Amino acid sequence: MQCQQFLKFILFIGLLSSFSLAIAQSPYNDPDTRYIDSLTSVALQYELNNDESFVQSLDHFYKAFEFIETKDEFSEARALLYSQFVLFNYRTGNYDEVIHYGRSLMEINESSEYTGQIFSVYQYMGKAYLKLGEVENAIDIEKRGIELSIKNFGKPNNTSIYHFMYNELGLTYLWSGQYDLAIESFYKSLNSGWDFNAHFTFVLLENIADATIKKGDLPAARILLDSLKIHPGRSEHIRREINYLILEAEYNIAKGNLKLADSYATQAKDVLSNSVENHDDVLWNRILDVHIKYYILKNDQKGTSAMILRKQLFNDSISLIHQRNSLITRNLFYEKTIENKDLKIKNAELEISANRAKLKQEEYANKNRILLIISLSLVLIIILLIVLRVIRKRAVTAKLEKTAADIKLLQSINEKRVLEKTIENKEKDISALSNYLLSSSVQINDLKVVLKRINAISNPEEKEELLLDFMISTKNKIRHIQEQETILKHIDQVNDKFFNQLSKQHPDLTKTEILICGLIRAGYSNDQIATEKNTTVNSVKTSKTRIKKKLKIEKSIKLDTYIKGL
């Protein structure tokens, strides 16, 4: 399986190199992208076995990363740099970095703000996942790249992308042992409608032949190999010739033609040894796999063990080279980062020193400002206290004046009430006096009428009897008039003091209730009050009960006793 994977690795490298070369030669309108293109194109031309060349390539990449730090997050220049660095890390076997930068490139690709056309990241990541043994992730990520390319460009109008991505998906299926799906993907690429040159047509046909041999369909494989044997693309690149010879060796191994298989494997080894591709570990692994199968079929255990050990040592050395390259990559980047950080720290220290001096000056200036502010604040506080004291003093004076005015107003209101009550009582007295005079006038008229009747009677006895009744009636009326005079005198005496005191102590009493209290004070009985008020005795009693409640007099004390005691 490792032999198969390494065999396809070289094909993948060839395609990626061609694709990267096409990108490098394509014109970019953006000057930042052109600058990144120039740096990364040089960086990808390093020599695998030359440490100095490798370090120089890393230096070019580091310069590109420094340049891109201040650029837009979704720029085409940043996308191109990540794409080239992913390819560089894949070549050096640093698959973790492929995944890391591949994800960053995917974020750019799938952002609505990005308008570039770099979709190769999905194939780089797919092959990295495959190297890490994550077959499902490898297939899923490459399928996603195809879906996005079709969505953005339409199926085969931009067929170079469509062709490239389906060929890469086919290789992933091939290396994971899914031969039918691999052949299907290769044919999709071949039938995409792109006007292939001989080189890419040969690549697709040899991939189909490889999958067909591994599937075990040897008749179909023979037809494909015969077409490859005379195909013009075979002579365009030494790698194509080597791949053809290896395929013939694998086919004959499958057929059991050991002698012919050994012949083709030896030819492939000789051509590879004398070509510029002699550093390609994938091709060497494919040749070693053919030799191992050869010795296994010959039942030569010694030769088989020797070839297996040789392949193991070869792959271990390749693995060590990859690990060394990864370490060199990380160390160089860490060293550059540390150098930059040290430089930034020095600059920061200088800036801090300058800022400290500036802060001291500002501190002195701030202290002076604070002292000035404190002084002004104290002056303002003193002025404010003085103003507040004056305002408070004026407010107290105004309050005292208002209180005095309110007291005078209350006194005037009370005096007015007293005068109004006095006037009211005087009016009652005048009314009572008027009633008294009217009553006296009526009584005098009655006397005159009676005297006329007496004079008109001639009978002495009748006249004597009438005179006797007149004298008794006159005597009673004189007594009533005298009583009225006494009552009026009492009313006049009690009006001023009594009514004023009663109104102050019991402001809820009505005028009628105050008059009844005055009549009680004057010595009126219930009958007299009823006669005076022209009402019934029961009404007078009811009024007295109500007055007693308002005056809050105990039940054991009579109202007349309480009123007369005031």
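Since this is a predicted model, take the numbers as computed values, not measurements. Position 1 is the first residue of the sequence, and the numbers go up from there.
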Between Y101 and Y124, is the ring centroid distance below 6.0 Å? no

Hey, could you give me the NZ/NZ distance between K259 and K298, rounded to the nearest 0.5 Å? 11.0 Å

Is any NZ, NE, NH1 or NH2 atom of the basic residue among E250 and K293 found under 4.0 Å from an Asp or Glu carboxylate oxygen of the other? no

Nearest heavy-atom pair of T33 and A77: which atoms, and what distance? OG1-N, 3.3 Å

From CA spacing to verdict: side chain to side chain contact (heavy atoms under 4.5 Å, CB included), L58, F88: CA-CA 9 Å; L58 287 174; F88 177 83; 3.4 Å; yes

For the residue pair Y35 and F67, is the inter-centroid distance of their aromatic rings smaller than 6.0 Å? yes

Take W284 and L272, measure what side chain to side chain contact (heavy atoms under 4.5 Å, CB included) needs, and give me the verdict at the end. CA-CA 8 Å; W284 281 114; L272 180 58; 3.4 Å; yes

Would you call E248-K229 a salt bridge at under 4.0 Å N-O? no

Testing the basics here: between K131 and Y90, what is the closest heavy-atom pair and its distance to 0.1 Å? CE-OH, 3.5 Å

Taking atom CD of E110 as the centre, does the number of heavy atoms from other residues, nucleotides or ligands within less than 6.0 Å exceed 12? yes

D59/K63 ion pair, N-O < 4.0 Å: yes

F186 and Y166 aromatic centres sub-6.0 Å: no

Evaluate H60 against T40 for side chain to side chain contact (heavy atoms under 4.5 Å, CB included), listing each step before the verdict. CA-CA 7 Å; H60 278 80; T40 56; over 6 Å; no

N-O pairing of D72 and R78 below 4.0 Å: no

Smallest separation among heavy atoms of T212 and A221, with atom names: CG2-N, 3.6 Å

Indicate yes or no: does R222 engage D226 in a salt bridge with an N to O separation below 4.0 Å. yes

Check: K71 main-chain N/O paired with S75 side-chain donor or acceptor under 3.5 Å: no

Looking at Y187, is its backbone amide N or carbonyl O close enough to the side chain of N191 to form a donor-acceptor pair, meaning the two atoms are under 3.5 Å apart? yes

I'd like to know whether F85 forms a ring pair (Phe, Tyr, Trp, His ring centres under 6.0 Å) with F65, so could you lay out the CA-CA distance, the side-chain angles of the two residues, the decisive distance to 0.1 Å, and finally the verdict. CA-CA 10 Å; F85 196 57; F65 274 101; 5.1 Å; yes

Do the numbers put R234 on top of the ring of F202, so that NZ or CZ is under 6.0 Å from the six-membered ring centre and no more than 45° off the axis? no

Please test S57 against L44 for side chain to side chain contact (heavy atoms under 4.5 Å, CB included), starting from the C-alpha separation and ending with a verdict. CA-CA 7 Å; S57 294; L44 288 172; over 6 Å; no

So which heavy atom on F61 is nearest to which on Q84, and how close? CZ-O, 3.7 Å

Any side-chain to backbone donor/acceptor pair from T172 onto E168? Under 3.5 Å, distance only. yes

Under 3.5 Å, is there a donor-acceptor pair between the side chain of S227 and the main chain of L224? yes

